[in-house]
Amino acid sequence: MPDFTAKVYKIVKKIAKGKVMTYKQVASLAGNKKAFRAVGNALNKNKDFHNIPCHRVVRSDGKVGGYAFGNQCKRKKLALEGVIITKGKIDLKQYKTA
DNA sequence: ATTATGACCGAAG
DNA sequence: GCTTCGGCCATAA
């Protein structure tokens with residue numbers, strides 16, 4: 001798989017339970033802070049989704065963002081891990097991984 | 001090489 | 001607050 005995608009997976013795998021990371025952050029850690037779009041693209045068509053907590057990746061605004069299995073499924077998983085979503089948004093100050 | 005796509009971001013209306 | 005637009009990037013065809 002492409003190098004960039006591999007980096008993205010590696011980073012997303014490191015996100016702790018009950019925590020989230022923005023696409024922007026992941027892109028930055030992957031080497032290109034402007035590739036946040038490519039990050040979402042990679043996670044969308046990724047085949048290792050059962051090996052990666054891709055539901056812990058959210059938008060910079062705090063919105064959940066998208067999900068291959070459905071937006072509601074993503075929120076559900078986050079809720080089960082302790083992430084409370086208010087008005088469809090996440091409190092990044094509290095859950096965002098530094 | 002060029003075009004089209006997408007789980008985005010930021011600014012503007 | 002929400003919608004629209006332009007810009008950005010990696011991937012696939």
Side-chain angles (χ1 to χ4, degrees):
Chain A
M1 78 179 57
D3 183 57
F4 185 80
T5 307
K7 287 185 192 170
V8 172
Y9 292 166
K10 201 158 145 189
I11 294 165
V12 175
K13 278 183 198 165
K14 292 171 191 143
I15 305 179
K17 178 189 167 198
K19 289 284 188 168
V20 299
M21 192 141 357
T22 68
Y23 293 93
K24 208 177 188 182
Q25 264 184 314
V26 176
S28 184
L29 294 176
N32 194 330
K33 50 181 175 183
K34 290 185 187 146
F36 38 75
R37 205 168 202 194
V39 172
N41 201 351
L43 289 176
N44 172 31
K45 51 190 187 189
N46 93 77
K47 305 295 182 291
D48 268 336
F49 53 82
H50 42 67
N51 241 2
I52 301 169
C54 39
H55 56 276
R56 291 179 190 152
V57 186
V58 299
R59 295 185 38 156
S60 58
D61 324 31
K63 292 184 210 157
V64 182
Y67 197 57
F69 287 85
N71 158 283
Q72 52 189 271
C73 185
K74 185 168 180 177
R75 300 194 301 181
K76 196 172 185 177
K77 282 192 165 210
L78 288 169
L80 290 175
E81 297 192 352
V83 179
I84 310 302
I85 301 175
T86 308
K87 306 294 189 294
K89 293 183 203 167
I90 296 175
D91 186 340
L92 295 179
K93 292 187 175 169
Q94 186 177 181
Y95 302 107
K96 182 177 156 203
T97 304

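Chain letters run A, B, ... following the sequence lines, proteins first and then strands; every chain starts at 1. What you are looking at is a predicted structure, and each value in this text was computed from that prediction instead of being measured.
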inquiry  = Please report the distance, rounded to the nearest Å, between CG in D61(A) and C1' in dA11(B).
reply    = 12 Å

task = Would you confirm whether Y95(A), through its side chain, and I84(A), through its main-chain N or O, come within 3.5 Å as a donor-acceptor pair?
result = yes

request  = Can you tell me the distance, in whole Å, between the CD1 atom of I90(A) and the C1' atom of dC8(B)?
outcome  = 15 Å

task = Give the rounded distance in Å between these two atoms: CZ of R59(A) and P of dA11(B).
result = 14 Å

task = Scan A35(A) against the nucleic acid and name what it touches under 4.0 Å (heavy atoms): base, sugar-phosphate only, or nothing.
result = sugar-phosphate

inquiry  = Please report the distance, rounded to the nearest Å, between NZ in K33(A) and P in dC9(B).
reply    = 15 Å

Minimal non-hydrogen separation, H55(A) against L78(A), with atom names = O-CD2, 3.2 Å

request  = Remember a base hit wins even if backbone is also touched, and classify F36(A) as base, sugar-phosphate or nothing at under 4.0 Å, heavy atoms.
outcome  = base

request  = Identify whether any heavy atom of T22(A) sits under 4.0 Å from a base atom; if not, whether one sits that close to sugar-phosphate; answer base, sugar-phosphate or nothing.
outcome  = nothing

request  = Report yes if a side-chain nitrogen or oxygen of N41(A) is closer than 4.0 Å to either non-bridging phosphate oxygen (OP1 or OP2) of dG6(B); otherwise report no.
outcome  = no

task = Report which part of the nucleic acid N32(A) touches: base, sugar-phosphate, or nothing (heavy-atom distance under 4.0 Å, all strands).
result = sugar-phosphate

task = Send over the distance from N71(A) CG to dA7(B) C1', rounded to a whole Å.
result = 10 Å

Give the table of side-chain donor-acceptor pairs shorter than 3.5 Å for residues 33-46 of chain A, with sequence neighbours excluded, one pair per line with atom names and distance.
unit_1	atom_1	unit_2	atom_2	d
N46(A)	OD1	D48(A)	N	2.8
N46(A)	OD1	F49(A)	N	2.5
N46(A)	ND2	L43(A)	O	2.5

ask   = Taking 5' to 3' order, which nucleotide of DNA chain C is first and which is last to have an atom within less than 4.0 Å of a heavy atom in chain A?
value = dG7(C) to dA12(C)

query = How long is the line joining NZ of K45(A) and C1' of dT5(B), in whole Å?
reply = 8 Å

query = Do you know which two heavy atoms are closest between I11(A) and V26(A), and how far apart they sit?
reply = CD1-O, 3.7 Å

ask   = How far apart are the closest heavy atoms of Q25(A) and T97(A), and which atoms are they?
value = NE2-O, 3.0 Å

remark   = Between Q94(A) and K19(A), the two heavy atoms sitting closest are O-NZ, 3.6 Å

key: Other residues, nucleotides, ligands: >12 heavy atoms within 6.0 Å of K76(A) NZ   = no

